[in-house]
Peer 1: 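Starting off with a structure, shown below.
Within every chain, numbering begins at 1; the chains are lettered A, B, ... in the order of the sequence lines, protein sequences first and strands thereafter.
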Amino acid sequence: MDYLKQNSIVIEEIKDGIILKNVWDFNAKHIFECGQCFRWDKEDDDSYTGIAFGKVINVKSFKNNEIKILNTNIEDFKRIWFEYFDLGRDYSRIKKVLSADDTMKLAIKHGEGIRILKQDPWETLISFIISANNRISMIARSINIFSQMYGQAIIYNGKVYHAFPTIKDLSDTEFSNIRDCKAGFRCKYIIEAIKMIGSGEIDLEKIKNMETIEAEKELKRIPGVGSKVANCILLFSMQKYDTYPVDIWMKRVTEELFLKRESKAGEISDFAKEKFNDLSGFAQEYLFYYARELKIGKE
DNA sequence: TTGCAGGGGTCAA
DNA sequence: TTGACCCCTGCA
């Protein structure tokens, strides 16, 4: 099953942006705070301003299934944001299937508006290398500094933002001051990753077209990329929904809600594969958000 | 004020 | 299987 659906979204152009109507299963807070992305900041009006694919936009979701996106137009929506927000997928159906399990039903209730973004694989790779044994606020900060150092400046509302640097932006860089981005021991991994992608030794587009198992193996050739980071890249930027990234939170929540015992990382991903199959990635996101909201497993 | 644990893992021994 | 690893925050 592919869970795709006929799109019934109505697009209306307004001054500085667009309004989308008939958008189901979309909650900005759930989407931007479920751990999949690091470049979206909450504003005072509960909207989120973020940077992706070299653009800055502001997104606000409303209870009546309307979404307002500022600093964009219909053309960019069709070209970039429709796919980025995975608007062609029927999350209602996914939730219905997963809700056959009572525990999942409860978790989904907390994050009912989660959607898995289709992010840029290159940016996702570097971002999740930085995420290893790190805190969210620190990860976001490092990515921001890294972007300021090497990425293109974008002005929006009188404020300067920086696009995540493309591999081209980095081609002649020395990286003598890479440590300024405060990524600590991960800096050496970042440099190695840049070299491997830049030289073509690793081809992310090719990996995206591989089967999940092969793709994970290939990603793990990059230093700083282990199982968890590889699975995040696969899920958040390569549409491999049969993945179940296991970090400390997923270990806690899976043990507490399903396995009812201590277990190893391998056991947890085996369990997920068995139980959720090709919806593992979606289940993972609902559970992750639920676990963090309720601090499950953390005494 | 200082000191120490620990955080959305990975690597090397 | 285990400890080190940058950097920073929270808390004693």
Peer 1: With sugar-phosphate meaning primed atoms plus P, OP1 and OP2, does A:Pro245 contact a base, only sugar-phosphate, or nothing at under 4.0 Å between heavy atoms?
Peer 2: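 No contact at all - A:Pro245 keeps every heavy atom at 4.0 Å or more from the nucleic acid.
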
Peer 1: For the P atoms, the ones on B:dT1 and on C:dC7, what distance do you get once it is rounded to whole angstrom?
Peer 2: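 To the nearest whole Å, 23 Å.
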
Peer 1: Applying salt bridge (Lys or Arg N to Asp or Glu O under 4.0 Å), run through A:Lys29 and A:Asp46 and close with a yes or a no.
Peer 2: CA-CA 8 Å; A:Lys29 178 180 162 65; A:Asp46 287 338; over 6 Å; no

Peer 1: Please examine the side chains of A:Lys68 and A:Ile14, heavy atoms only from C-beta on, and report whether any two atoms are closer than 4.5 Å.
Peer 2: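 A side-chain contact exists here, since the closest heavy-atom pair is under 4.5 Å.
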
Peer 1: Using the P atom on both, measure B:dG8 against C:dC11 and round to a whole Å.
Peer 2: 14 Å

Peer 1: Of all the base pairs, Watson-Crick or G-U under 3.5 Å, which form stems of three or more consecutive pairs involving DNA chain B?
Peer 2: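 DNA chain B stems, ordered by first number: B:2-7 with C:7-12, B:9-13 with C:1-5.
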
Peer 1: Give A:Ile248 one of three labels, base, sugar-phosphate or nothing, depending on what nucleic acid heavy atoms sit under 4.0 Å from its own.
Peer 2: sugar-phosphate

Peer 1: Taking only distance into account, with no hydrogens and no angle test, what donor-acceptor pairs under 3.5 Å do side-chain atoms of residues 227-240 of chain A form with protein atoms, sequence neighbours excluded?
Peer 2:
unit_1: A:Ser227; atom_1: OG; unit_2: A:Lys220; atom_2: NZ; d: 3.0
unit_1: A:Asn231; atom_1: ND2; unit_2: A:Ser227; atom_2: O; d: 2.8
unit_1: A:Ser237; atom_1: OG; unit_2: A:Ile233; atom_2: O; d: 2.8
unit_1: A:Lys240; atom_1: NZ; unit_2: A:Lys208; atom_2: O; d: 2.9
unit_1: A:Lys240; atom_1: NZ; unit_2: A:Met210; atom_2: O; d: 2.7

Peer 1: Assign the ring pair A:Phe258 / A:Phe271 to parallel, tilted or perpendicular, where the plane angle (0 to 90°) is split at 30° and 60°.
Peer 2: tilted

Peer 1: Do the ring centers of A:Tyr286 and A:Tyr290 come within less than 6.0 Å of each other?
Peer 2: no

Peer 1: NA contact type, A:Gly224, heavy-atom cut-off 4.0 Å: base, sugar-phosphate, or nothing?
Peer 2: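 Here A:Gly224 touches the backbone only, sparing every base.
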
Peer 1: How would you label the contact of A:Ile130 with the nucleic acid (heavy atoms, under 4.0 Å): base, sugar-phosphate, or nothing?
Peer 2: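 No contact.
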
Peer 1: Any side-chain heavy atom of A:Arg39 sitting closer than 4.5 Å to one from A:Glu123?
Peer 2: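 Contact flag for A:Arg39/A:Glu123 side chains = yes.
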
Peer 1: Please list, by residue number, the residues of residues 176-189 of chain A whose heavy atoms come closer than 4.0 Å to an atom of DNA chain B; answer none if no residue qualifies.
Peer 2: A:Phe185, A:Tyr189

Peer 1: Identify the 5'-most and 3'-most nucleotides of DNA chain C with at least one atom closer than 4.0 Å to a non-hydrogen atom of chain A.
Peer 2: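 Answer, 5' to 3': C:dC5 to C:dT9.
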
Peer 1: If you look only at pairs with a residue in residues 189-202 of chain A, which of them pass as a side-chain hydrogen bond (donor to acceptor under 3.5 Å, both in side chains), with sequence neighbours excluded?
Peer 2: A:Glu201-A:Arg221

Peer 1: What's A:Ser142 touching, base or sugar-phosphate or nothing? Going by heavy atoms closer than 4.0 Å.
Peer 2: nothing

Peer 1: Does A:Phe282 have any ring pair (Phe, Tyr, Trp, His ring centres under 6.0 Å) partners at least two apart in sequence or in another chain, and if so, which?
Peer 2: A:Tyr91, A:Tyr241

Peer 1: By the definition ring-ring contact (aromatic ring centres under 6.0 Å, His included), identify the one residue from A:Phe85, A:Phe62, A:Phe32, A:Trp81 that meets it with A:Phe26.
Peer 2: A:Phe85

Peer 1: Step through it carefully: locate the ring centre of A:His30, locate the ring centre of A:Tyr289, and say whether they are under 6.0 Å apart.
Peer 2: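 Yes.
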
